[in-house]
Amino acid sequence: MTIKPDTSPLSTPASRETIALAEDLRQCIGSFVRNVRSEANTPTSAQNETLALIARDGLQSMAVLAQKRSVKHQSMRLVIAQLEKAGHITRQPNPDDARSHLIALTAAGENALTTARQARTDWIAAKIQTTLNTTERQSLRDAITILQKLGVPTDDH
């Protein structure tokens, strides 16, 4: 049996320059996402991420949602309570576990998710339109290709 060498990105130590670039990218993207959500006046990331998970993956238990979002069960319970109060989700009996419920997206939840996504897209489009020239727009298209190559999801969350 032949053992293949580990060629994953984490198997090779990164140079200081690469680490600095990665940190700059992390800070830039984080700031960009926070600014877009704030300026577009869209739901908190906890609520939005939870709605997006349910929309993408379908019915799920609260425990599974908490695990996927890497939060404690109690934190997820608070988010679910907020979403339920807003009418964005409902609880359905879990056929595999009578002690738990499955969380489902309502039409209002789907609408809220779509509206929030559209508000963020519209805000970004307006900024691109008013801030970037033709050359910068092409650079942005190129940067998006590079980010996709780095593994940034291409779905619209």
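The residues of the chain are indexed from 1 along the displayed sequence.
Shown here for A108 and G87, the closest heavy-atom pair between the two residues is CB-O, 3.5 Å. Smallest separation of non-hydrogen atoms from A55 and L105: CB-CD2, 3.7 Å. Taking every heavy atom of both residues into account, I54 and A104 meet most closely at CG2-C, 4.1 Å. In plain terms, the two heavy atoms of S100 and N94 that are nearest each other are OG-ND2, 3.0 Å. Contact record, L113 with A52: CD2-CA, 3.9 Å, taken as the closest heavy-atom pair. Between R69 and A46 the shortest heavy-atom distance is NH2-CA, 3.4 Å.
The local environment of CD in E23 is crowded, with over 12 non-hydrogen atoms from other residues, nucleotides or ligands closer than 6.0 Å. Within 6.0 Å of the CZ atom in R77, the count of heavy atoms belonging to other residues, nucleotides or ligands does not exceed 12. Within a 6.0 Å radius of CD in E39, more than 12 heavy atoms belonging to other residues, nucleotides or ligands are found.
Going from atom CZ of R99 over to atom OG of S61 covers 11.0 Å, rounded to the nearest 0.5 Å. Taking CD1 of I89 as the reference point, atom CD1 of I103 lies at 5.0 Å (rounded to 0.5 Å). Distance check: R120 CZ to T115 OG1 gives 10.5 Å after rounding to the nearest 0.5 Å. Between the NE2 atom in H101 and the CD atom in E84 there is a gap of 9.0 Å [rounded to 0.5 Å]. Here the straight-line distance linking atom CG of L102 with atom CD of Q92 works out to 7.0 Å at 0.5 Å rounding. Atom CD1 of I124 sits about 10.0 Å away from atom CG of N35, to the nearest 0.5 Å.
Under the 4.5 Å side-chain contact rule for hydrophobic residues, V33 and L150 share a cluster. When the side chains of ILVMFWY residues are joined at heavy-atom separations under 4.5 Å, either directly or via intervening members, I144 and F32 end up in a single hydrophobic cluster. Linking Ile, Leu, Val, Met, Phe, Trp and Tyr residues whenever their side-chain heavy atoms come within less than 4.5 Å leaves M62 and L59 in two separate clusters. A chain of hydrophobic side-chain contacts below 4.5 Å, direct or via other Ile, Leu, Val, Met, Phe, Trp or Tyr residues, connects M76 to L51. Under the 4.5 Å side-chain heavy-atom criterion for grouping Ile, Leu, Val, Met, Phe, Trp and Tyr, V79 is connected to V71 within one hydrophobic cluster.
Panel note: side chain T106, backbone H88; a donor-acceptor pair is recorded below 3.5 Å. The backbone N or O of L53 sits less than 3.5 Å from a side-chain atom of Q60, completing a donor-acceptor pair. In this structure, T121 contributes its side chain and R117 its backbone to a donor-acceptor pair below 3.5 Å. Using modelled atom types, no side-chain atom of R26 and backbone atom of A22 make a donor-acceptor pair closer than 3.5 Å. S31 places no side-chain N or O within 3.5 Å of a backbone atom of Q27 that could act as its donor or acceptor partner. Of the possible donor and acceptor atoms, one in the side chain of R137 sits under 3.5 Å from a partner among the backbone N and O of Q129.
Residues I19 and R16 fail the side-chain proximity criterion, which asks for heavy atoms closer than 4.5 Å. Between L147 and L25, the closest side-chain pair of non-hydrogen atoms falls below 4.5 Å. Side-chain contact check for I80 versus L65: some heavy-atom pair is nearer than 4.5 Å.
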May I have the step-by-step check of side-chain contact (heavy atoms from CB on, under 4.5 Å) for T42 and N48, ending in yes or no?
CA-CA 8 Å; T42 55; N48 195 55; over 6 Å; no

